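Here's the structure, in structure tokens; my notes come after.
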Amino acid sequence: TPKDLSDPQHVAAVLGYDDLDEDSVMTPLGLRTLSRVSVVRDGVAFPQTELLDAQSGHAFFMSQSFTGIAYDAQSGEIVGLYILHPNNVGRCGHIANASYAVKGTARGGHIGEALVKDSLAQAKALGFRIMQFNAVVAFNTHARHLYERLGFTQLGTIPGGFRLDDGTYADICPYYK
């Protein structure tokens, strides 16, 4: 049973990747932790297909407008992360996009909610006016309910918009706030 990590005595902070000691995150232990947090391996949520190693992980996280990493204050363990970046450029550059991952054993502990709220605050601080999620997989009901509870609006449904790891396709539901 996961602890309620949203309790302030449990979550140390959502820290920016660039505020961290690179060696602590990009060690084999840190990468194993991030790969367990990451849902890339599951093939059911993140659109990217490549797993990260130390070099590609560092480049990927540093290329974002902001990367937030959530820690459990009691164990020091990474329990979630998000990436934040522009959704587009030019006349649409004021719209942010974010992707989230919560470690499987920490799900149900409100880590996702803490990450989304932090990303909204970071997006505002970086000058973004809107947050848009492009590829929320339709069957990811926990994420969809969270976004709706936090005031996001679903824009519609794109049939077969997400290729699953097994080669089949699932619907996606874009959201904005």
Side-chain angles (χ1 to χ4, degrees), residues 2 14 17 31-53 55-70 78-124 126 128-177:
V14 177
Y17 175 78
L31 279 171
R32 278 197 305 274
T33 301
L34 285 174
S35 69
R36 283 188 212 117
V37 169
S38 176
V39 291
V40 173
R41 184 174 306 231
D42 298 340
V44 295
F46 267 55
Q48 73 189 77
T49 56
E50 301 81 23
L51 297 178
L52 302 174
D53 61 21
Q55 185 176 1
S56 64
H58 179 68
F60 177 74
F61 292 131
M62 290 303 292
S63 73
Q64 306 302 315
S65 299
F66 190 86
T67 298
I69 300 179
I78 296 171
V79 292
L81 62 88
Y82 72 87
I83 57 171
L84 174 71
H85 48 260
N87 191 53
N88 210 317
V89 297
R91 296 179 196 275
C92 296
H94 61 283
I95 302 172
N97 178 266
S99 298
Y100 308 91
V102 175
K103 187 174 180 184
T105 57
R107 290 187 182 145
H110 303 283
I111 298 301
E113 181 174 356
L115 293 170
V116 173
K117 288 179 175 179
D118 191 78
S119 71
L120 289 169
Q122 292 295 336
K124 184 176 181 180
L126 291 169
F128 293 108
R129 298 183 61 212
I130 299 168
M131 178 73 78
Q132 180 174 321
F133 304 143
N134 299 321
V136 181
V137 179
F139 61 73
N140 191 350
T141 56
H142 293 293
R144 294 180 63 201
H145 290 156
L146 171 62
Y147 302 151
E148 291 166 9
R149 187 166 44 82
L150 294 177
F152 284 82
T153 300
Q154 182 178 334
L155 291 168
T157 301
I158 301 171
F162 191 92
R163 184 177 47 81
L164 298 168
D165 210 29
D166 66 5
T168 62
Y169 291 85
D171 297 347
I172 55 175
C173 306
Y175 281 84
Y176 80 97
K177 178 177 180 170

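Since the structure is predicted, the reported quantities are computational estimates derived from the model, not experimental observations.
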Run the numbers on Phe60 and Thr67 for side-chain contact (heavy atoms from CB on, under 4.5 Å), then give the verdict. CA-CA 9 Å; Phe60 177 74; Thr67 298; over 6 Å; no
From [atom1] ([X]) to [atom2] ([Y]), nearest 0.5 Å:
X      : Y      : atom1 : atom2 : answer
Leu84  : Leu120 : CG    : CG    : 9.0 Å
Lys124 : Met131 : NZ    : CE    : 12.5 Å
Ser119 : Leu81  : OG    : CG    : 11.5 Å
Asp118 : Ile69  : CG    : CD1   : 11.5 Å
Met62  : Gln64  : CE    : CD    : 10.5 Å
Asp166 : Thr168 : CG    : OG1   : 3.5 Å

Under the side-chain hydrogen bond (donor to acceptor under 3.5 Å, both in side chains) rule, collect the residues that match up with Tyr176, sequence neighbours excluded.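 With neighbours one apart ignored, the set is empty.
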Have a look at Phe133 and tell me which of Tyr82, Phe152, Tyr175 forms a ring-ring contact (aromatic ring centres under 6.0 Å, His included) with it. Phe152
Restricting to non-hydrogen atoms, name the atom on [X] and the atom on [Y] that form the minimum distance, rounded to 0.1 Å.
X      : Y      : answer
Ser65  : Phe128 : OG-CZ, 4.1 Å
Asn134 : Ile172 : O-CD1, 3.6 Å
Cys173 : Thr157 : SG-OG1, 4.0 Å
Ala101 : Leu115 : O-CD1, 3.7 Å
Pro174 : Gly156 : CD-O, 3.5 Å

Verdict with supporting geometry, Asn97 and His85, side-chain contact (heavy atoms from CB on, under 4.5 Å): CA-CA 6 Å; Asn97 178 266; His85 48 260; 3.1 Å; yes
Would you please indicate if the ring centroids of Phe139 and Phe162 are separated by under 6.0 Å? no
Residues in side chain to side chain contact (heavy atoms under 4.5 Å, CB included) with His94, at least two apart?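 His94 satisfies side chain to side chain contact (heavy atoms under 4.5 Å, CB included) with Arg129, Ile130 once adjacent residues are dropped.
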For Glu113, what residues pass the salt bridge (charged side-chain N to carboxylate O under 4.0 Å, His left out) criterion, not counting sequence neighbours? Lys117, Arg149
